[in-house]
Amino acid sequence: MIVDRLKIIVAEDSELQRLVLCSLINGLGFEAVEAEDGVEALNLVMETGAQIVISDIEMPNLDGINLTRKIRELELDHYIHVVLVTGADENEIRDEALEAGADDFITKGSSTAMLKARIRTATRLISHAAELAERSRILKEINEHIQEDLRAAATAQRQLLPDLQEDIMGFRIASAFVPSAIVSGDMFGCFPISDTKLGFYAVDVSGHGVHASLLSVAIGHLITPAYFRTQTMLNDLAPDPAALVTSLNDRFSPSDNDDYFTMFCGIVDTATGRLDYCQAGYPSPYYVDLTGATEPVGDGGFPVGMIPSATYENKIHHLDAGGALIICSDAACEAENPSHELFGNDRVRMVAATTPFAGVQDIPTHIVDALNMWRDGKPLEDDLTVVAIERKNSHDTHSQA
Amino acid sequence: MIHTAKHDSDITVIRPGVDRLTAVNAKAFKDEVTALINDGASQLIVDFQDVTFLDSSGLGALVGVLKKIGHRGDLAVAGLTTDVAQMFKICRMDRVFTTYANVDAALQKMAENQ
């Protein structure tokens, strides 16, 4: 393999001195590139890719100090190491040269050993810079791979979410899903579980990021419509969402880490509007009636996967025709504005109250917008999920569309 | 990060030393309290008076500490501020942890029970 010798530009107007310097440099195993003045040297800097310049101070056209300035003005993506050749007592000139951006000096008539030492310093710096550049290139490449993988994971996660373009069984449903870091520790689902019943759930894994998203995706895969139906409709008497939550708690409690998740799940009867629900540490959703009156649904419950012996309760709420349920993960009420004030439940409730006037389809976006304003455009620190479910009025003209 | 004070009858009062116990510092909190337990502390009171906010990771760490103590001792919480109390209520943690209005009330009650 032929290794290119490192190029060193030698700028010197005296032909004799230039020849002496060049032969010394060539003798040291480098390739001297000759320049008769500063202008020629500057052109060579741009053309040859050489990273070391050894220059005389006094030269016609462009002197050593101005050559240094010009080199610095180029702002090349690699550093040019500039060594100026000065007289022994030229301290003022050296000061000026340093200001201009010179790196080092050799006194005229120095020994070969001195020249060798100066060049070695320069080459060491150059190889350090090259090493650093290579390391940052590798890191950048790895980072791009990770980002790419995360985006693919995020796409896979989104594909698990229900497609809510169309109304389901007399319900109009809208959602927003905003991960705080590409992938989300949230998950939700919504599906018919019988001819007359709609099932839904929302899950929020503690923490956020990749770790939480792995669990949220596992839960999303586990809770299929069939699983949901089997767990909640064990008897014919009434839906049993607490049985679903209990089975998940049994499944996820044994882990010896601090992972757990909160959940809200329910079954709505399309004919009667009866909602059977179970709340497991998830924030209470708001029920909004046709007039915009709101009330929280549920007063709490144990999270899932935290306490093996936890028991869960079934509760009932009624959804009037035209009424809506606004489910919102804690990322909303816990969102902080720049002065560290929480968005709070009351503000979530205020946005929820606009449902009859704004239309249920737009409520998730309105909550996202309100949080954006609250945070002055800064991204949320936790994963946000909003699910809005409206039991359509039978006289609702929209439903005919 | 935590500050501890040992009282009579071997009760240790822990102040988390942060105003927000969240994903950022939950692990450090748990590790430090776990070290106390490993050193033999078994009657603990966590003083939340200066903690304005507790997120799900913070709660997970607190429950992790409770599990660590198990039947060997007791972990009570005191001085819950509004948002922290709301978090406890919605997760039913008021049924898992003994809660007191403040550290003095907790100290008195726990000493009586010994």
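Because only heavy atoms are used, hydrogens play no part in the values below, and waters and symmetry mates are left out as well, while side chains stay in. Numbered from 1 within each chain, the chains take letters A, B, ... in sequence-line order.
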Begin from the C-alpha positions of Val96(B) and Ile307(A) and carry the test side-chain contact (heavy atoms from CB on, under 4.5 Å) through to its verdict. CA-CA 9 Å; Val96(B) 175; Ile307(A) 300 157; 3.5 Å; yes
Is the number of heavy atoms from other residues, nucleotides or ligands under 6.0 Å of Gln147(A) CD greater than 12?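 Enclosed.
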Would you say CD of Gln49(B) has more than 12 non-hydrogen atoms from neighbouring residues, nucleotides or ligands within 6.0 angstrom?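 Not more than 12 within 6.0 Å, no.
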Considering all heavy atoms, the nearest Cys91(B)-Pro303(A) contact: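 The pair with the smallest heavy-atom distance is O-CD, 3.4 Å.
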Closest non-hydrogen atom pair between Ile90(B) and Pro283(A), with its separation: CG1-CA, 4.4 Å
Is it the case that the side chain of Lys67(B) and the backbone of Met306(A) share a donor-acceptor pair, with hydrogens and angles ignored and the cut-off at 3.5 Å? yes
So, the side chain of Tyr260(A) versus the backbone of Ser56(B): is there a donor-acceptor pair under 3.5 Å, distance only?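 Side chain of Tyr260(A) to backbone of Ser56(B): a pair is present.
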Residues at least two apart in sequence or cross-chain that pass side chain to side chain donor-acceptor pair (under 3.5 Å) with Glu334(A), listed by chain then number, are none
For Arg92(B), check side chain to side chain donor-acceptor pair (under 3.5 Å) against everything at least two apart and list the hits.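 For Arg92(B) the side chain to side chain donor-acceptor pair (under 3.5 Å) partners, ignoring immediate neighbours, are Asp299(A), Glu313(A).
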May I ask you to test the Arg95(B)-Phe302(A) pair for a side-chain heavy-atom distance under 4.5 Å?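 Arg95(B) reaches Phe302(A) side chain to side chain.
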Is any residue of residues 77-86 of chain B within less than 4.5 Å of chain A by heavy atoms, and which ones?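 Near chain A, by residue number: Asp83(B), Gln86(B).
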Proximity breakdown for Asn345(A) and chain B, heavy-atom pairs closer than 4.5 Å: side chain
Can you say whether Phe261(A) sits under 4.5 Å from chain B via the side chain, the backbone, both, or neither, judging by heavy atoms?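 No part of Phe261(A) comes within 4.5 Å of chain B.
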Summary of side-chain hydrogen bond (donor to acceptor under 3.5 Å, both in side chains) pairs that have at least one residue in residues 18-32 of chain B, sequence neighbours excluded: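 Every side-chain hydrogen bond (donor to acceptor under 3.5 Å, both in side chains) pair that includes a residue of residues 18-32 of chain B, provided the two are not neighbours, is Asp258(A)-Lys30(B), Glu336(A)-Arg20(B), Lys27(B)-Asp31(B).
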